[in-house]
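Here's the structure, in C-alpha cells; my notes come after.
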Amino acid sequence: MPDLATPLIAWYGSNARDLPWRRPGFGAWGTLVSEFMLQQTPVSRVIPHLDAWLSRWPTPAALAADPPAEAVRQWANLGYPRRALWLHRAAVEIRDRHDGVVPREVDELLALTGIGDYTARAVAVFAYGDRHPVVDTNTRRVLARAVEGRSQPGPPAKTDLARMAALLPPVDEEAAILNAATMELGAVICTARTPRCDACPISDRCAWRAAGCPDTGDARRKQARYEGSDRQARGAVLRMLRHADAHAVRLDEVIADWPDARQRDRAIDSLVADGLAEAVEGTLRLPV
DNA sequence: TATGCGTGGCG
DNA sequence: TCGCCAAGCAT
C-alpha cells in the first residue's frame, strides 16, 4: 500500500481551514460541543451557534445546571434536536461521574449519552491528543477511493476503525494530524459528488483514480422525502414550543392548522416519547 | 444491520 | 424545481 500519511499531513499543514475548534487551547468541552453540533450539520451553520452556546455555558456544569428545555431552545434550528437533549444529558453525566471534567478515555466517552464511535475518538484525539483512529463519513469515502478504488464507501462497519488505525503514524501528534487531514480532504477535495482530483495531494496514488474513476454504485441509503413527513411535523411542533417562551401551549393549539391531524398527534406523541416535550394538564412544553 | 431522526444550501 | 448532501447516534 502506498504511503498516504506523508502527503496528507503535508497537505493539511498548508491547507487546513481556520476553524474555531482548531484554535490552540479550545478545550475539551468546546470540542465536545462542536462535535455534537457537527453530527450531520454543515460547518458553516455550526460556527455561530457554537460561539453562542459556549458563551452561555462555558462548562459542562453550567449547562447541567439549566433545564433541558433551555438546551433545546438554544439549539434553535440546527436540526436533529435530540442532540440538544443528549448533549444536556452528557453534561449532567460529566458533572456527576467525572467531576465536571470531560473524560479522556474512549470507554468513558462512549458511555456518555449521545456519544458513539466517532465522537468519542474525536474528543480523545482532537482535545487530548491521544492516538486513536477517527473515522467519519469523509474518512470512509477517502479510504474507499484511495485504497479500495470504489467511488463511494460501503455502510459503516466496525472494521473501518482497524483500517484507519493501520494508517496512523506511531507518534501521537502525527496520528492526530492524519485523522484531521483525512477528514479535511474528504470535506473539501474528495467530496461526495464532484471531487476536485486536480487539487488532491494523493491523486497520484489513488486506486480509484488509477482505475479511471469508475462509478461503483452508491451504497448510501436514500434519504426519505422531508416534505409531508412525520419529521417535518415534529419540526413544526418543536419550533412552536421553542418560540413559546417559557409558556406551555394548549394541546389543541399545537400546530392546529397542520393538514394531517393524525400526523400531528403522532408527532406530539413521539416527541413526548423522546423526552423532547412534556404533556402537562392539557398543555405541551419543552422538558423542564 | 436497517431505520428514524431536522434543516437549509446548492447544482 | 427538486434531489442530494452535511464531522452520527440510538434502537
Side-chain angles (χ1 to χ4, degrees), chain A residues 12 16-17 19-22 26 30-50 72 75-87 89-90 109-127 132-142 151-161 164 176 179-188 190-195 218-242 263 266-267 269-271 273-277:
Chain A
Y12 185 80
R17 290 170 294 176
L19 299 172
W21 43 91
R22 291 176 180 167
F26 190 67
T31 301
L32 181 59
V33 173
S34 74
E35 294 298 348
F36 264 84
M37 290 184 172
L38 287 164
Q39 293 169 3
Q40 301 285 277
T41 299
V43 167
S44 60
R45 290 183 57 204
V46 162
I47 289 175
H49 287 281
L50 177 63
V72 175
W75 197 258
N77 63 342
L78 276 173
Y80 290 141
R82 291 192 289 197
R83 291 180 292 162
L85 201 56
W86 292 341
L87 178 52
R89 288 179 189 164
L109 288 160
L110 281 172
L112 298 173
T113 301
I115 293 191
D117 283 330
Y118 166 74
T119 303
R121 289 171 178 78
V123 170
V125 170
F126 301 138
H132 306 280
V134 181
V135 175
D136 75 336
T137 187
N138 291 307
T139 299
R140 295 194 308 104
R141 185 173 53 252
V142 169
S151 59
Q152 301 291 343
K158 286 291 183 184
T159 54
D160 298 337
L161 285 174
M164 185 62 192
N179 279 311
T182 308
M183 291 171 58
E184 184 79 350
L185 188 80
V188 302
C190 194
T191 53
R193 251 184 305 186
T194 314
D218 193 343
R220 293 170 63 100
R221 59 198 170 99
K222 263 185 301 191
Q223 226 170 30
R225 182 179 181 83
Y226 183 65
E227 191 68 27
S229 67
D230 283 13
R231 292 159 75 169
Q232 186 184 34
R234 285 169 53 106
V237 171
L238 215 51
R239 175 191 305 275
M240 175 174 273
L241 294 185
R242 283 200 310 264
Q263 185 176 57
R266 216 161 44 235
D269 289 347
S270 70
L271 286 170
D274 287 348
L276 278 165

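Below, chains carry the letters A, B, ... as their sequence lines are ordered, and counting in each starts from 1.
Residues A/Thr139 and A/Tyr118 form no side-chain contact, since every pair of their non-hydrogen atoms from C-beta on lies 4.5 Å or further apart. In this structure, the side chains of A/Arg140 and A/Val135 come closer than 4.5 Å at one or more pairs of heavy atoms. A/Leu238 places none of its side-chain heavy atoms less than 4.5 Å from the side chain of A/Trp75.
Counting 5' to 3', DNA chain B first comes under 4.0 angstrom of a heavy atom of chain A and last does so at the ends given by B/dT3 to B/dG8.
With hydrogens and angles ignored, the 3.5 Å screen pairs a side-chain donor or acceptor of A/Thr41 with a backbone N or O of A/Leu78.
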Return a single string for nucleotides 4-11 of chain C, one symbol per nucleotide in 5' to 3' order, where B is base contact, S is sugar-phosphate-only contact and - is none, cutoff 4.0 angstrom on heavy atoms.
BBBBBSS-
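As rounded to the nearest Å, C/dA7 and B/dC10 have P atoms that lie 15 Å from one another.
Summary of the strand contacts: A/Asp230 and A/Thr194 both lie near DNA chain B, and taking for each the nucleotide with the nearest heavy atom, the more 5' one is attributed to A/Asp230. Along DNA chain B, the nucleotide closest to A/Pro156 and the one closest to A/Gly79 are compared, and the more 5′ of them pairs with A/Pro156.
Applying the side-chain contact (heavy atoms from CB on, under 4.5 Å) test to A/Tyr226 and every residue at least two apart in sequence or in another chain returns A/Ser229, A/Arg231, A/Gln232.
A salt bridge links A/Arg121 and A/Asp117; the closest N-O separation between the charged side-chain nitrogens and carboxylate oxygens is under 4.0 Å.
The side chain to side chain contact (heavy atoms under 4.5 Å, CB included) test with A/Thr119 singles out one residue from A/Leu32, A/Leu38, A/Thr31, and that residue is A/Leu32.
Residue-level contact check: A/Pro155 touches neither bases nor backbone, having no heavy atom under 4.0 Å from any strand. Among the protein residues, A/Phe36 comes within range of no part of the nucleic acid, since none of its heavy atoms lies under 4.0 Å from any strand.
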Apply side chain to side chain contact (heavy atoms under 4.5 Å, CB included) to A/Met164 and A/Val134, showing your working.
CA-CA 7 Å; A/Met164 185 62 192; A/Val134 181; over 6 Å; no
